[in-house]
Amino acid sequence: MDIPKTYDPKQAESQHYARWEREGCFAPEINRDPNAPVFTIVIPPPNVTGSLHMGHALQHTLMDVMTRHKRMCGFRTLWLPGMDHAGISTQLMVSRELKKEGLTRHDLGREKFIERVWKWKHESGGQILNQMRREGASVDWSRERFTMDEGLSRAVREVFVRLYEEGYIYRGNRIVNWCPQDQTVLSDLEVEKTPEKGKLYYLQYPVKGSERRVTVATTRPETMLGDTAVAVNPKDERYGDLVGATLILPIMNREIPVVADEYVDPEFGTGAVKVTPAHDPNDYEMGLRHDLPQIVVIDLNARMTQDAGAEFFGLDRYKAREKVIEKFEQLGLLEKVIDYEFSISKCERCKTVVEPLIMLQWFCKMDEMRELALGLMRREGKPRFTPQVPYEKVYTDWLENLKDWTISRQLWWGHQIPAWYTKDGQVFVARSEEEARAAAGTDELTQDQDVLDTWFSSALWPFSTLGWPDETEDLKTFYPTSVLVTARDIIFLWVSRMVMTGMKFMKETPFDDTFITGTVLDKHGQRMSKTKMNGIDPLDVFDKYGVDATRLVLASIGSTDTRWNDNQVEAYRNFANKIWNAARFCLMNSEGARVGRGFEKPGEEWALHDRWIVSRLNQTARVVNDAVNAYQFHEAVHTLYHFFWDDFCDWYIELSKQEVSAEAASEERDGARSRLLTVLEQALRLLHPFMPYITEELWQRLPGVDEKLLHPAYRETTHPTIMLAEYPQANAELIDERAESEMQAVINLISRVRNIRTEMNIKPSERVRLIIAAPYEAQRAVFEASRAAVARLARTSEILIRERLEAPRASARAVLAGGAEVAVPLEGLIDFETERARLSRETEKLQKESAKLEAQLANPQFVERAPAEKVSEIRERLGDITERVRRLTETLEAIK
RNA sequence: GCCCGCUUGGCUCAGUGGUAGAGCACUCGCUUCACACGCGAGGGGUCAAUGGUUCGAAUCCAUUAGCGGGCACCA
């Protein structure tokens with residue numbers, strides 16, 4: 001048999017994916033059952049510019065586990081892949097390329113530039129898609145989508161037009177976040193606030209016709225050039241007499257009023273606030289309340305405008321700041337400057353400080369949209385978040401405070417806003433230019449130059465990818481999707497918006513459940529990031545430990561924030577090797593045997609260990625199915641790991657060896673071999689969603705695998721593959737409590753003897769005699785039937801089984817549950833001192849426990865108030881322990 | 001400032017009213033015919049602190065501390 005001793009993941013990883021893909025195993029059409037239930041996931045579209053990171057690998061693993069599990073359960077499954085066009089990042093990337101050629105996008109012009117972006121996309125975009133193949137992701141590539149596809153673009157236009165017609169979308173002049181670097185407006189969610197050390201400047205503004213001065217505090221002195229008022233709290237007695245007074249704005253020598261506004265916090269700073277309506281969101285609001293002029297002093301490049309005065313015109317905002325301070329100093333109006341820490345708004349992408357500016361932009365009104373999502377949560381509790389705490393609250397709290405969404409972007413790469421203007425500025429929003437012309441009654445139209453926020457198209461992803469606005473078969477079949485798996489930082493940006501648009505246009509939730517993954521941190525508990533250079537490349541981990549091992553780690557992480565640790569992957573790499581070698585053993589002993597279709601009922605010829613492993617297998621299937629359905633992936637992994645390693649390898653294989661490794665063919669041997677293979681095959685199926693490669697690799701080598709093992713929905717659709725085998729479900733009739741407890745007694749017996757051997761320093765090669773005493777006939781029958789197993793695994797020569805213990809004084813002994821005892825005669829080998837110490841230690845341990853139980857039973861309130869079964873359980877346990885202590889004490893007496 | 005979460009063996013994490021768990025690391029033994037990426041046997045935790053509820057608390061409640069997250073404010 002030419003099976004290597006060590007599993008080589010790369011070999012298997014290079015084999016199976018291409019075949020699965022080629023044979024259409026990932027597409028829902030593989031399922032031929034017209035009544036099959038449907039399971040759908042749409043992938044969170046990664047950026048076309050992106051490459052695989054640990055967060056993706058985590059999400060993809062979970063989605064693949066669910067998809068493969070459901071597929072094997074006979075669901076018509078669709079996991080739909082794709083990417084978004086990442087407006088800003090992509091445009092920046094291509095602009096950078098152009099820069100190397102000494103060009104700007106303006107040199108090319110809009111049309112040529114967009115062609116260039118498409119070219120870039122075809123040549124070097126979407127690296128992540130091939131990386132997903134490596135991951136084993138069972139996505140349906142035939143349905144791959146891109147947000148800039150014609151179909152999805154049509155959906156965008158349709159949504160825009162409908163929202164515009166219903167008054168949700170409007171164009172208006174409002175204060176927005178402007179990134180002077182990227183030259184585009186940003187939504188509130190694309191701005192990150194970072195704490196920063198700065199200065200707080202106290203500036204004095206003279207009161208007109210008085211010697212008095214009012215001091216205002218500011219972190220941005222340069223904006224004072226655009227001040228049009230100073231505000232104080234109406235209740236603030238310090239300034240009461242000044243409300244309505246006129247101040248002389250220094251440098252500009254502009255007369256500005258003192259206004260009273262509740263917004264001002266008398267406790268903060270000086271209690272007087274300079275008001276710059278054109279350059280601060282709060283001042284903007286105040287400006288509207290008091291009808292203040294908006295003087296724009298900073299332009300789109302963050303330089304000072306003409307309105308800032310000739311002296312400042314053209315200066316960068318930070319240069320202007322220095323100059324303003326200089327001026328105030330000269331004028332003797334700079335009261336003081338203090339160190340001050342405050343948070344500053346930066347562009348999430350380029351980290352440039354954003355400039356709040358008043359601009360004409362497109363907005364989406366969110367008040368009614370938000371009600372659609374909140375109503376869905378109130379009525380149906382959807383989407384159900386996992387973990388529910390804290391995400392359901394985070395989600396609803398955010399929705400409740402939602403402001404209007406700035407949807408236009410000053411970019412070229414993206415969905416150009418379907419609005420056309422006539423020469424005199426009339427606007428026509430339409431699905432196409434033709435429609436706009438018809439509505440306008442003229443051909444002389446110019447389309448709005450802006451594009452839409454990338455998230456505007458992502459918000460439609462669950463239905464636009466399925467063909468909406470057409471009522472396609474896919475849309476009918478696969479919407480709403482079953483579950484969304486994503487990271488917590490896009491709950492607002494994406495999840496909430498999909499729910500709102502889904503409710504608005506499909507009248508139905510886009511997904512029933514939302515699973516929020518944990519964050520993979522570095523070993524110091526820090527987020528992985530490019531800037532910190534602390535990221536771990538999943539592909540490196542794949543290379544080092546294999547995809548399957550990495551997937552087990554990721555599946556175990558699930559929704560928990562976890563510090564990445566290679567040790568964990570190594571442990572699962574070892575597990576993969578264990579699986580490999582267990583299969584290797586089975587295959588080396590497989591002549592004359594075939595994989596069966598599973599177990600339907602216990603066979604006459606089954607030994608205790610057969611009934612036991614089948615029971616364990618069914619328990620495992622039950623737990624694993626439940627765990628995956630409940631998104632408890634770590635529990636599924638843990639259960640499978642211990643079933644395979646502890647139950648199957650450590651015990652079942654060992655107990656089977658005797659029969660299975662017989663040289664000569666016989667009905668018994670081949671039956672045992674077939675049972676062994678069948679258990680292995682069932683275990684591989686259970687593992688497959690988590691470890692697709694090794695399970696397929698081994699499955700293909702098993703004798704007797706054919707289409708009969710496939711789920712009925714897939715039979716005769718393709719070559720047999722484990723990914724279409726039926727996922728084992730628990731059969732209650734095969735769960736055998738008695739077999740499990742009998743087997744446990746045998747396991748305990750063997751473990752106790754091994755313990756004695758170790759503690760008595762008996763060489764592994766040395767066989768010992770064993771005397772077993774058990775008071776009950778049934779116990780003796782179990783031990784009797786397990787003679788060969790005990791002899792083999794405890795390495796004994798002769799085994800005596802009796803009702804009462806009669807053993808030489810020079811024996812090491814142990815007391816088992818149920819009143820059973822064992823003795824290992826050790827003439828000449830036993831050190832009585834050691835033995836006494838060993839037994840005393842054990843006695844002590846048991847006595848401590850029995851003391852606890854006795855105290856519990858001595859408490860009348862416990863006996864009275866605790867459930868009756870709990871009380872009797874304690875009584876039983878105490879009885880058993882007391883009995884064991886009694887026997888141990890006798891034994892100790894005997895060897896004194 | 002408001003809301004939320006976490007704190008369990010050396011490390012990474014499960015457990016969530018009724019006998020404290022796993023993997024790794026550690027100790028001892030092993031060329032046992034699948035596997036040293038292994039086999040066998042062990043050691044190790046007053047479950048952050050305090051108080052409460054309960055017959056019974058790692059688990060429920062309250063307070064405190066440390067760490068982390070979200071939101072708001074930041075003139």
Side-chain angles (χ1 to χ4, degrees), chain A residues 1 3 5-7 193 195 200-203 216-220 223 230-231 263-265 268-276 280 282-283 286 340-344 387 389-391 393-395 397-398 401 488-489 491-492 519 521 523 525 545 549 553 556-557 560-568 570-589 632 634-635 637-638 641-642 649-650 653-654 657 661 750-751 754-759 761-765 792-793 795 849 852-853 856 859-867 870-871 873-874 877 881:
Chain A
M1 187 69 60
I3 304 173
K5 282 172 82 163
T6 307
Y7 171 55
K193 311 249 179 169
L200 190 58
Y201 302 87
Y202 286 73
L203 310 178
V216 295
T218 181
T219 54
R220 303 194 58 200
T223 63
V230 164
Y263 163 77
V264 181
D265 174 6
F268 192 90
T270 61
V273 186
K274 60 187 275 309
V275 184
T276 324
D280 181 278
N282 294 309
D283 293 7
M286 246 193 294
Y340 184 62
E341 189 165 323
F342 61 107
S343 67
I344 194 157
V389 178
Y391 299 117
K393 192 169 149 55
V394 166
Y395 167 83
D397 283 357
W398 182 78
N401 297 305
R488 66 164 150 266
D489 49 355
I491 291 175
F492 308 146
T519 308
L521 307 166
K523 64 179 166 193
Y545 299 103
V553 175
S556 306
I557 286 173
T560 315
D561 289 359
T562 303
R563 299 175 187 214
W564 187 264
N565 192 341
D566 269 6
N567 290 339
Q568 195 62 46
E570 200 180 323
Y572 286 127
R573 190 266 323 256
N574 296 351
F575 179 51
N577 195 54
K578 188 74 181 175
I579 294 170
W580 181 259
N581 275 288
R584 184 165 175 262
F585 171 80
C586 296
L587 289 168
M588 285 164 75
N589 295 282
Q632 301 292 310
H634 61 268
E635 194 187 349
V637 170
H638 183 259
Y641 182 94
H642 288 288
C649 294
D650 288 352
I653 289 184
E654 293 304 329
K657 269 182 181 167
S661 45
I750 293 168
S751 299
R754 284 169 168 176
N755 174 257
I756 288 172
R757 296 183 59 110
T758 303
E759 300 227 9
N761 291 315
I762 296 162
K763 281 191 206 127
S765 53
R792 188 181 169 83
L793 299 184
R795 305 189 69 74
E849 204 187 333
K852 250 168 82 180
L853 299 179
Q856 225 172 336
N859 181 349
Q861 285 175 306
F862 170 71
V863 181
E864 217 171 283
R865 301 193 196 178
K870 184 50 61 185
V871 176
E873 183 195 315
I874 301 276
R877 253 170 53 205
I881 289 172

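No hydrogens, no waters, no symmetry mates; every other heavy atom, side chains included, goes into these values. Each chain gets a letter, A, B and so on, in the order its sequence line appears, and its residues count up from 1. Source: prediction; values computed, not measured.
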Give a yes/no on whether any side-chain N or O of [X] is located under 4.0 angstrom from OP1 or OP2 of [N].
X: R563(A); N: U12(B); value: yes
X: K657(A); N: A34(B); value: yes
X: N581(A); N: C37(B); value: no
X: H634(A); N: G15(B); value: yes
X: N574(A); N: C35(B); value: no
X: K870(A); N: G17(B); value: no
X: S343(A); N: C73(B); value: no

Considering only atom C1', compute the distance from G56(B) to U19(B) and round it to an integer number of Å.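 Straight-line distance between the two C1' atoms is 13 Å.
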
Can you check the distance between C11(B) and U54(B), where both ends of the measurement are the C1' atom (answer in whole Å)?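 Per the computed distance, 36 Å lies between those C1' atoms.
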
So what does [X] hit on the nucleic acid, given a heavy-atom distance under 4.0 Å: a base, only sugar-phosphate, or nothing?
X: C586(A); value: nothing
X: Q856(A); value: base
X: D265(A); value: base
X: D561(A); value: sugar-phosphate
X: K393(A); value: sugar-phosphate
X: T560(A); value: sugar-phosphate
X: N282(A); value: sugar-phosphate
X: N565(A); value: sugar-phosphate
X: F492(A); value: sugar-phosphate
X: P867(A); value: base
X: T276(A); value: nothing
X: A866(A); value: base
X: I874(A); value: nothing
X: V389(A); value: sugar-phosphate

Cationic tip of K193(A) within the cone over F342(A)'s six-membered ring, i.e. under 6.0 Å and within 45° of the normal?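 Relative to the ring axis of F342(A), which defines the angle, K193(A) lies outside at least one limit.
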
In whole Å, what is the span from the [atom1] atom of [X] to the [atom2] atom of [N]?
X: L587(A); N: A34(B); atom1: CG; atom2: P; value: 13 Å
X: Y572(A); N: C13(B); atom1: OH; atom2: P; value: 13 Å
X: E654(A); N: A34(B); atom1: CD; atom2: C1'; value: 9 Å
X: K193(A); N: C71(B); atom1: NZ; atom2: P; value: 10 Å
X: R792(A); N: U32(B); atom1: CZ; atom2: P; value: 13 Å
X: F585(A); N: U32(B); atom1: CZ; atom2: P; value: 16 Å
X: Y340(A); N: C73(B); atom1: OH; atom2: P; value: 13 Å
X: E570(A); N: A22(B); atom1: CD; atom2: P; value: 20 Å

salt_bridge(E873(A), K870(A)) N-O dist < 4.0 Å: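 Salt bridge flag = yes for K870(A) with E873(A).
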
Does a side-chain N-to-carboxylate-O contact under 4.0 Å join D566(A) and R573(A)?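 No, no charged N to carboxylate O under 4.0 Å.
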
Are the aromatic rings of F575(A) and Y641(A) close, with centres under 6.0 Å apart?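 Yes, close enough.
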
For the backbone of [Y] and the side chain of [X], can you confirm whether one donor and one acceptor N or O come within less than 3.5 Å of each other?
X: N581(A); Y: K5(A); result: yes
X: R792(A); Y: K657(A); result: no
X: N401(A); Y: D397(A); result: yes

Just verifying a value: how many Å separate N755(A) CG and I750(A) CD1, rounded to the nearest 0.5 Å?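 Interatomic distance, N755(A) CG to I750(A) CD1, rounded to 0.5 Å: 13.5 Å.
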
Does [N] pair with anything, Watson-Crick or G-U wobble, both distances under 3.5 Å, and if so, with which nucleotide?
N: G21(B); answer: C13(B)
N: A72(B); answer: none
N: G42(B); answer: C26(B)
N: C60(B); answer: G52(B)
N: C47(B); answer: none
N: G5(B); answer: C67(B)

Identify, between E849(A) and I762(A), the residue whose nearest nucleotide on RNA chain B lies closer to the 5' end.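 Here E849(A) is the residue nearer the 5' end.
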
Can you tell me whether the side chain of R573(A) and the base of C37(B) have a donor-acceptor pair closer than 3.5 Å?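 Between C37(B) and R573(A), which were checked side chain against base, a qualifying N/O pair under 3.5 Å is present.
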
Going by modelled atom types, is there a donor-acceptor pair between the base of A22(B) and the side chain of Q568(A) at under 3.5 Å?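 Between A22(B) and Q568(A), which were checked side chain against base, a qualifying N/O pair under 3.5 Å is absent.
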
